[in-house]
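Below, each value reflects all heavy atoms present in this structure, side chains not excepted, and no hydrogens, waters or symmetry copies. So you know, we letter chains A, B, ... as the sequences are listed, proteins then strands, and number each from 1. Remember, it's a predicted structure, so these values are computed and weren't measured experimentally.
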Amino acid sequence: RSREDLVDGILSALRWLGLDWDEGPVRQSERLDLYRAAAQRLLDEGRAYWCDCTRELIDARTKDNPKPGYDGYCSDRGLEAGEASVVRFRTPDDGETVVHDVIRGEVHFAHDTLEDFVILRSDGTSVFLLANAVDDLEMGITHVVRGEDLLSSTPRALLLRRALGADDDPVFAHLPMIVNEKRQKLSKRRDDVALEEYRERGYLAPAVRNYLALLGWAPADGREILTVEELVDEFELEHVTKASAFFDIKKLDHINAEYIRAMPVATFVREATPWLELDAAWPSEAYDPALFEAIAPEVQQRVRTLAEVPKWVDFLFLDAPAIDEAAWEKVIGLPASSVILDDTIAEYETCAWQRDVLHERTAAVGERHGLKLNKAQLPIRVAVTGRTVGPPLFESLELLGRERSLERLRGARKRLS
RNA sequence: GCCCCCAUCGUCUAGUGGCCUAGGACGCCGCCCUUUCAAGGCGGUAACGGGGAUUCGAACUCCCCUGGGGGCACCA
């Protein structure tokens, strides 16, 4: 990578996932001389040649050629270096190159399908493939693990490194691609490929790492929640799947929820706090960490991402609850709502403000009106929290306090009549 | 157009000739539990793309077809 911010992006994503590395990064931009020397060597040995053909000339000549690509026109012209000239690698005319891949087995490429490809541009800079071959060779790379999209360029890399004096091939493993719902390779333009964005969307690094590891691979016993140590221990390239895998956010949600539930409460509170302090729907002075801490265990069990946390607790920090209209419709649909609210208000005005008592009194209210608690609690929940779903009601009421709760109940009652 | 890869439930996968009336997980649908929702429990829906061949026997081996994807630049 040539741009420093792109390098940083890769490194910080790796760090976020808890993946480390032993050396580097090595920058190809700092090794240009090495590549140029390699090209010169190939030139000297007749394994490469100068070519001054323009794209137009090549196209015109090869228009109805049976073989694809460059036609080798300059192959024997004995050209010298020139302004607009490139260096092309002389590929063998017959035979084949076999790529031995741990995941895919032997992949054969007939040499007559390989054109004499460019290795040095007219400005003297090296093409990626040459740089790659030189680096792998010079750095003693033993294993090349990459996406399947690079499989077709492998024979060219192999030919180059052999021409450069290599007497053995590295071990290759071409991993299946991760694809979108249309089964296309993920792209920056249309897909969410920036790993760290998942952090901003409330996903935990260990969960993302865990999920990613399960794409194209599975442990022998079918477990799905695995620590890094287990991953490191059990992962085998040999057992990686060949078919591309769809990135299923639903499954990530599930795994993320598992990780959230498994955290100590204190950790959950710490992790969730940024979502409550930054960009919240309430003024920052309205946020009360102690209140959140008290309700946190209930929220932790119910949330799939950290980003969902605010909407579960907003009623505690908002002046008035954000009434969800769909929820309100349900309350109106319950004919007993107004009497329930009246009765509840009366009970709540005098009873001890404690979850068990609230529970018992509310149940009694429901009973008086022939409603089970699961029905009777609905108007109260919507009046107080604005939603039909949320943390357990009586814990929520206790934390909200008598005055604020009553105020909301009265407000809802007024709106009903 | 040429080259290459791939093909089991909607999705991620297990499966390497008989253990498969194909297993698990996510999702979805019921039921139970239950102060909502989750979680949990129980149950259900749902797949070997098609055709040949080999074999006593194919999800598993081979061939063809079909379908999907990737790669083919003086990008990396």
- Note on the structure: Closest non-hydrogen atoms of A:Ala383 and A:Ala412, given as atom of the first, atom of the second and distance, are CB-CB, 3.4 Å
- What heavy-atom pair brings A:Trp275 and A:Arg201 nearest, and what distance separates the two atoms?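 Scanning both residues, the minimum pair turns out to be CZ2-C, 4.5 Å.
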Applying a 4.0 Å non-hydrogen cut-off, can you work out what [X] is touching in the nucleic acid: base, sugar-phosphate, or nothing?
{"X": "A:Ser153", "value": "nothing"}
{"X": "A:Val86", "value": "base"}
{"X": "A:Gly216", "value": "sugar-phosphate"}
{"X": "A:Phe128", "value": "base"}
{"X": "A:Phe117", "value": "nothing"}
{"X": "A:His174", "value": "nothing"}

Complementary nucleotide of [N], counting Watson-Crick and G-U pairs under 3.5 Å:
{"N": "B:G57", "result": "none"}
{"N": "B:U34", "result": "none"}
{"N": "B:C62", "result": "B:G52"}
{"N": "B:G1", "result": "B:C72"}
{"N": "B:A22", "result": "none"}
{"N": "B:C28", "result": "B:G44"}
{"N": "B:G67", "result": "B:C6"}

What's the closest nucleotide to the [X] side chain, out of [options]?
{"X": "A:Lys185", "options": "B:A76, B:G71, B:G69", "answer": "B:G71"}
{"X": "A:Lys251", "options": "B:A14, B:C6, B:C26", "answer": "B:C26"}
{"X": "A:Glu115", "options": "B:U11, B:A73, B:C5", "answer": "B:A73"}
{"X": "A:Glu224", "options": "B:A76, B:A25, B:G70", "answer": "B:A25"}

- Query: Between A:Trp353 and A:Tyr348, what is the ring plane arrangement, given parallel below 30°, perpendicular above 60°, and tilted in between?
  - Reply: perpendicular
- Message: Tell me whether the rings of A:Phe247 and A:Tyr211 are parallel (<30°), tilted (30 to 60°) or perpendicular (>60°).
- Response: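 Geometry flag for A:Tyr211 against A:Phe247: perpendicular rings.
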Round to a whole Å and report the spacing from [atom1] of [X] to [atom2] of [N].
{"X": "A:Leu252", "N": "B:U13", "atom1": "CG", "atom2": "C1'", "result": "16 Å"}
{"X": "A:Leu129", "N": "B:C72", "atom1": "CG", "atom2": "C1'", "result": "12 Å"}
{"X": "A:Arg104", "N": "B:G69", "atom1": "CZ", "atom2": "P", "result": "16 Å"}
{"X": "A:Ile255", "N": "B:G24", "atom1": "CD1", "atom2": "P", "result": "18 Å"}
{"X": "A:Leu150", "N": "B:C4", "atom1": "CG", "atom2": "C1'", "result": "13 Å"}

- Query: Does A:Arg61 make a cation-pi contact with A:Tyr73, if we ask for NZ or CZ under 6.0 Å from the ring centre and within 45° of the axis?
  - Reply: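 Yes, a cation-pi geometry holds between A:Arg61 and A:Tyr73.
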- Charged N to carboxylate O under 4.0 angstrom, A:Lys185 versus A:Asp191?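 Salt bridge between A:Lys185 and A:Asp191, a charged N being under 4.0 Å from a carboxylate O: no.
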- For the pair A:Arg368 and A:Asp343, find out whether any cationic side-chain nitrogen is under 4.0 Å from an anionic carboxylate oxygen. yes
- For the residue pair A:Glu83 and A:Ser122, confirm or rule out a side-chain donor-acceptor distance under 3.5 Å. no
Integer angstrom distance from the [atom1] of [N] to that of [M]:
{"N": "B:G23", "M": "B:C2", "atom1": "C1'", "value": "42 Å"}
{"N": "B:A47", "M": "B:C20", "atom1": "C1'", "value": "13 Å"}
{"N": "B:A22", "M": "B:C3", "atom1": "C1'", "value": "36 Å"}

- Query: Could one point to a donor on the side chain of A:Ser122 or the base of B:C74 with an acceptor on the other under 3.5 Å away?
  - Reply: yes
- Query: What one-letter contact string describes nucleotides 29-46 of chain B from 5' to 3', where B marks a base within less than 4.0 Å of any protein heavy atom, S marks contact via sugar-phosphate atoms alone, and - marks no contact?
  - Reply: ------BBBSS-------
- Message: Using heavy-atom distances to pick each residue's nearest nucleotide on RNA chain B, tell me which of A:Val107 and A:Met177 is more 5'.
- Response: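 So the residue in question is A:Val107.
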- Item | Toward the 5' end of RNA chain B, by each residue's nearest nucleotide, A:Ala110 or A:Arg55 |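 Whichever sits nearer the 5' end wins; that is A:Ala110.
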- Counting only side-chain N and O atoms of A:Arg146, is one of them less than 4.0 Å from OP1 or OP2 of B:G71?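 So the side chain of A:Arg146 is outside the cut-off, no N or O lying under 4.0 Å from OP1 or OP2 of B:G71.
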- Other residues, nucleotides, ligands: >12 heavy atoms within 6.0 Å of A:Glu349 CD: yes
